[in-house]
Amino acid sequence: MLYQTPTLSFRVTTGSLSKIHVIVSKKIFIKAVDRNLLKRRIRNSVNQYLKTLPKNKILFFYTKKDIRNKKYKEINSDVEILLKKAKLY
């Protein structure tokens, strides 16, 4: 199932190990430095909730164009909203 906010889309699948995947398109940020910064911010905000997440889940985060000017706090709140929608937090 796909969960969405204005800045992120989120999908959960079941696998043998827990993993986090963050996908940032070149359409959002042309420079790899900017894409990697956004990936680190999203992964860092997910890491806060890792202890409460169930095992054997694979999390996919897809970014949208509206995320370009967002601060870390706003990204963190969107991640929390998506995890709550998916009933993982």
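A quick note: this is a predicted structure, and the numbers were derived from the prediction, not measured.
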What's the spacing between Ser18 OG and Lys57 NZ if we round to 0.5 Å?
9.0 Å

Out of curiosity, Lys27 NZ to Lys65 NZ, how far, rounded to the nearest 0.5 Å?
7.0 Å

Is atom CG of Asn47 surrounded by more than 12 heavy atoms (other residues, nucleotides or ligands) closer than 6.0 Å?
yes

Apply side-chain contact (heavy atoms from CB on, under 4.5 Å) to Leu59 and Thr13, showing your working.
CA-CA 7 Å; Leu59 311 177; Thr13 60; over 6 Å; no

For Ile75 and Lys70 the tightest heavy-atom approach is CG1-CB, 4.0 Å

Could you walk me through whether Gln4 and Lys85 satisfy the side-chain hydrogen bond (donor to acceptor under 3.5 Å, both in side chains) test, starting with their C-alpha distance in whole Å, then the side-chain angles of each, then the deciding distance to 0.1 Å, before giving a yes or no?
CA-CA 9 Å; Gln4 297 187 8; Lys85 281 183 179 179; over 6 Å; no

Hydrophobic cluster partners of Tyr62 (side-chain heavy atoms under 4.5 Å):
Ile23, Ile58, Phe60

Between Arg41 and Asn76, is the side-chain contact (heavy atoms from CB on, under 4.5 Å) condition met? List the steps.
CA-CA 8 Å; Arg41 286 181 177 172; Asn76 192 19; over 6 Å; no

Are more than 12 heavy atoms, taken from residues, nucleotides or ligands other than Leu50, located less than 6.0 Å from that residue's CG atom?
yes

Could you measure the distance from the CZ atom of Phe10 to the CZ atom of Phe61? Nearest 0.5 Å is fine.
4.5 Å

Group every Ile, Leu, Val, Met, Phe, Trp and Tyr by side-chain heavy-atom contacts under 4.5 Å, then state whether Leu38 and Ile30 land in the same group.
no

Taking Arg68 for the side chain and Ile28 for the main chain, is one N or O donor matched with an acceptor at less than 3.5 Å?
yes

Check the pair Asn36, Asp34 against side-chain contact (heavy atoms from CB on, under 4.5 Å), reporting the backbone distance first and the verdict last.
CA-CA 5 Å; Asn36 292 336; Asp34 297 328; over 6 Å; no

Side-chain contact test, heavy atoms from C-beta onward, threshold under 4.5 Å: evaluate it for Leu8 versus Thr5 and give yes or no.
yes

With clusters defined by side-chain heavy atoms of hydrophobic residues (ILVMFWY) lying less than 4.5 Å apart, directly or transitively, does Ile81 cluster with Val12?
no

Are any of the side-chain heavy atoms of Pro6 and Lys64 separated by less than 4.5 Å?
no

Distance check, rounded to the nearest 0.5 Å: Tyr72 atom OH versus Ile42 atom CD1?
10.5 Å

Working note: Arg35 + Lys26, criterion side-chain contact (heavy atoms from CB on, under 4.5 Å); need CA distance, chi angles, decisive distance, verdict.
CA-CA 8 Å; Arg35 290 193 304 272; Lys26 282 187 178 179; 3.5 Å; yes

Mind checking whether Leu83 and Leu2 sit in one hydrophobic cluster, side chains of I, L, V, M, F, W, Y counted as touching below 4.5 Å?
no

Under a 3.5 Å cutoff, is there a donor and acceptor pairing between the side chains of Asp66 and Thr7?
no

Does Thr14 form a side-chain hydrogen bond (donor to acceptor under 3.5 Å, both in side chains) with Asn56? I'd like the steps, not just the answer.
CA-CA 6 Å; Thr14 305; Asn56 301 330; over 6 Å; no

Are Leu88 and Leu17 linked, directly or through intermediate hydrophobic residues, by side-chain heavy-atom contacts shorter than 4.5 Å (ILVMFWY only)?
no

Distance col, row Tyr49:OH vs Lys84:NZ, nearest 0.5 angstrom, shows 7.5 Å

Give, for atom NZ of Lys51 and atom OH of Tyr89, the distance between the pair rounded to the nearest 0.5 Å.
12.5 Å

